[in-house]
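These notes are about the structure you will find just below.
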Number of protein chains: 2
Amino acid sequence: MFFTDYRFLETIFTQIFLASFMMPESILNSIYQLPEDSKNLLLNGISEVQHAKGVILLKADKVEQDIYFIKKGIVRAFATNDDTDITFWFGTEGETVLSMKSYVENAKGYENIELLEDCILYKLNARYLQQLFLEDIHIANWGRKFAEQELVKTEERLISRQFRNAKERYMDLLAGNPDLLQRVQLGHIASYLGITQVSLSRIRSEIR
Amino acid sequence: MFFTDYRFLETIFTQIFLASFMMPESILNSIYQLPEDSKNLLLNGISEVQHAKGVILLKADKVEQDIYFIKKGIVRAFATNDDTDITFWFGTEGETVLSMKSYVENAKGYENIELLEDCILYKLNARYLQQLFLEDIHIANWGRKFAEQELVKTEERLISRQFRNAKERYMDLLAGNPDLLQRVQLGHIASYLGITQVSLSRIRSEIR
DNA sequence: GACTATTTTTTACAAATGATAAAAACTACC
DNA sequence: GGTAGTTTTTATCATTTGTAAAAAATAGTC
């Protein structure tokens, strides 16, 4: 066989890789290695759902405790204040989506989750998960690891706000998540970086 | 009995209250209600230590996984970059101190912990705790709850950076933690708020 | 109480970011 | 392929915040 365009091969490999990664087992295991039995308990509570771009999956004014894993698509978490909203998190394939405040405190949260593309999600019932936490030590540790990892990421972002200026934070994002820029509109990126869209546009024009 | 100065009574009550709250059991229980047996397992690993103001309890360039509970005193977590350091967390009586990155990823972290007063701490060995996570489901859930609660607090701070300007953030801190201002020098407060000390000074002069 | 070191405030100026509005570029859809 | 709606860029000006250096206030020590 003879390929003149290696990007064709690359595309195929990428698709195979993504397809394998986005099985619910792999998503679960990427957080914490679970024994087979525990993994099956979790998988029993999972169902696949689809929603269109623009759907608000979780709403700030409701107690939303179900959690989702992204099989395909991209979402943002945002909080609102008066007429503005700010995006404080993006989730893509393989990541876990929940309203942390709602999930943790069993009360109305501050976060809305909006689908930025048509999405395929694995849904896990909150009540079932909470029950598993109390019954299965591996699942309890899986939940612990998840929260710990998210905490470190959030702390690092808080710190980078102070040490790095807007342009540097943009460059960091560009380097670490180049595909995000292709998939998400710049207004959301700007608010994720903690600046206005106009500022981001200024930064982008300085760079080229 | 006859008191002419009720502040005397108030002081006594405050001391009784603080003393009861700062027992290691209460600190553990304030995160998550533990059964007696599990609590005793944790308590078995705890010893009381004292360190003087100025001591660096945890260092960024070491893998530091022991965790501490503050019986008496106040500490700050800071990260350094070149010649500047920024404070991103304060801990006072009843709070839990650890190098989250080190603890989570078993690698060198970004955080230093400095004692801002002479402190009395309860120390819990990391290896012992990690073992308990794998053996006791209640302790695993205690660790999960701790990380979840810290995560929500950190997310809320990240979001407030965007919605509230420096003066509002200072007022929020003043309202929520009035004693912090008495116990911590303003340079640290400024960096916690994400501004320079000069900016904070400006804000303070505008307010009176 | 005087001296030193540290912390906080003040001042003047520079740089970064925000607000607003309008133009340009891009999308979606009939 | 033209039109309406959305997103991004550009321009101008105002405001906020940072930098640097000096003065003032405070705390610590002999």
Side-chain angles (χ1 to χ4, degrees), chain A residues 52-56 74 76 78 81-87 90 114-118 158-174 178-208, chain B residues 52-56 74 76 78 80-87 90 114-118 157-174 178-208:
Chain A
K53 174 173 175 172
V55 165
I56 306 293
I74 186 164
R76 71 179 182 117
F78 67 98
N81 196 11
D82 303 328
D83 50 342
T84 56
D85 70 59
I86 70 116
T87 298
F90 291 109
E114 178 191 2
L115 307 191
L116 301 177
E117 294 175 355
D118 294 345
L158 190 67
I159 293 170
S160 100
R161 282 274 169 101
Q162 222 127 325
F163 280 137
R164 304 180 71 67
N165 63 31
K167 187 193 281 188
E168 290 171 330
R169 297 203 299 277
Y170 174 71
M171 302 291 269
D172 290 348
L173 187 67
L174 206 62
D179 56 319
L180 208 61
L181 277 291
Q182 308 307 317
R183 298 173 75 180
V184 174
Q185 67 190 54
L186 290 173
H188 296 149
I189 303 272
S191 97
Y192 178 80
L193 292 172
I195 54 179
T196 60
Q197 172 155 4
V198 176
S199 271
L200 177 56
S201 199
R202 221 167 355 214
I203 287 168
R204 285 161 57 84
S205 76
E206 281 169 31
I207 286 171
R208 29 176 161 81
Chain B
K53 175 174 175 171
V55 164
I56 306 293
I74 188 165
R76 72 179 181 117
F78 67 98
T80 58
N81 197 9
D82 302 329
D83 48 343
T84 56
D85 69 60
I86 71 116
T87 298
F90 291 109
E114 179 191 1
L115 308 192
L116 300 177
E117 295 175 355
D118 294 345
R157 278 187 58 207
L158 190 67
I159 292 170
S160 99
R161 281 274 169 100
Q162 222 127 324
F163 280 137
R164 304 180 71 66
N165 63 31
K167 187 192 280 188
E168 291 171 330
R169 296 202 302 276
Y170 173 71
M171 302 291 269
D172 289 349
L173 188 66
L174 207 61
D179 56 318
L180 209 61
L181 277 291
Q182 308 306 319
R183 297 173 75 181
V184 174
Q185 67 192 53
L186 291 172
H188 296 147
I189 303 272
S191 97
Y192 178 80
L193 292 171
I195 54 179
T196 60
Q197 174 154 4
V198 176
S199 271
L200 178 55
S201 198
R202 225 168 349 217
I203 288 168
R204 283 162 58 85
S205 77
E206 282 169 30
I207 285 171
R208 26 174 164 81

By salt bridge (Lys or Arg N to Asp or Glu O under 4.0 Å) - contacts of [X] (at least two apart):
| X | answer |
| --- | --- |
| A:Asp118 | none |
| B:Arg76 | B:Asp85, B:Glu114 |
| A:Arg169 | none |
| A:Glu117 | A:Arg183 |

Over all heavy atoms of both residues, which pair between A:Phe90 and A:Ile189 is shortest? Give the atoms and the distance, please.
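Closest approach of A:Phe90 to A:Ile189, heavy atoms only: CZ-N, 4.2 Å.
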Provide the closest heavy-atom pair for A:Arg161 versus A:Leu193 in the form atom of the first, atom of the second, distance.
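Shortest heavy-atom separation between A:Arg161 and A:Leu193 comes out as NE-O, 3.6 Å.
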Whole Å only: how far is the [atom1] atom of [X] from the [atom2] atom of [N]?
| X | N | atom1 | atom2 | result |
| --- | --- | --- | --- | --- |
| A:Ile195 | D:dT9 | CD1 | P | 12 Å |
| B:Arg204 | C:dT8 | CZ | P | 8 Å |
| A:Gln197 | C:dA21 | CD | C1' | 14 Å |
| A:Glu206 | D:dT9 | CD | C1' | 13 Å |

Is there side-chain contact between B:Leu116 and B:His188, with heavy atoms separated by less than 4.5 Å?
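Yes, their side chains come closer than 4.5 Å.
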Does some side-chain heavy atom of B:Leu180 sit less than 4.5 Å from a side-chain heavy atom of B:Leu174?
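Result no, sub-4.5 Å side-chain heavy-atom pair not found.
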Have a look at A:Gln162 and tell me which of B:Asn81, B:Ile195, B:Thr87, B:Ile86 forms a side-chain contact (heavy atoms from CB on, under 4.5 Å) with it.
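By the side-chain contact (heavy atoms from CB on, under 4.5 Å) criterion, A:Gln162 pairs with just one of B:Asn81, B:Ile195, B:Thr87, B:Ile86: B:Ile86.
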In chain order, what residues pass the ring pair (Phe, Tyr, Trp, His ring centres under 6.0 Å) check against B:Phe78, with sequence neighbours excluded?
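Listed in chain order: nothing, the list is empty.
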Contacts of B:Tyr170 that satisfy ring pair (Phe, Tyr, Trp, His ring centres under 6.0 Å) - sequence neighbours left out:
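Ring pair (Phe, Tyr, Trp, His ring centres under 6.0 Å) check on B:Tyr170 returns nothing, list empty.
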State, to the nearest 10°, the angle formed by the axis through the first five base pairs of the helix from C:dG1-D:dC30 to C:dC30-D:dG1 and the axis through its last five.
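The two end axes of the helix from C:dG1-D:dC30 to C:dC30-D:dG1 meet at 50°.
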Using side-chain hydrogen bond (donor to acceptor under 3.5 Å, both in side chains) as the criterion, list what pairs up with A:Asp172, not counting sequence neighbours.
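Checked A:Asp172 against side-chain hydrogen bond (donor to acceptor under 3.5 Å, both in side chains); matches are A:Arg164.
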Can you list the residues that meet the side-chain hydrogen bond (donor to acceptor under 3.5 Å, both in side chains) rule with A:Glu206, with sequence neighbours excluded?
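A:Glu206 satisfies side-chain hydrogen bond (donor to acceptor under 3.5 Å, both in side chains) with A:Lys167 once adjacent residues are dropped.
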Heavy atoms within less than 4.0 Å of DNA chain D: which residues of residues 160-169 of chain A have one? Give them sorted by number.
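Within this stretch, nothing sits under 4.0 Å of the strand.
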Residues from residues 181-189 of chain A sitting under 4.0 Å of DNA chain C, heavy atoms only?
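The answer is none.
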What does nucleotides 19-30 of chain D look like as a protein-contact string, B for base, S for sugar-phosphate only, - for none, at under 4.0 angstrom between heavy atoms?
BB----------
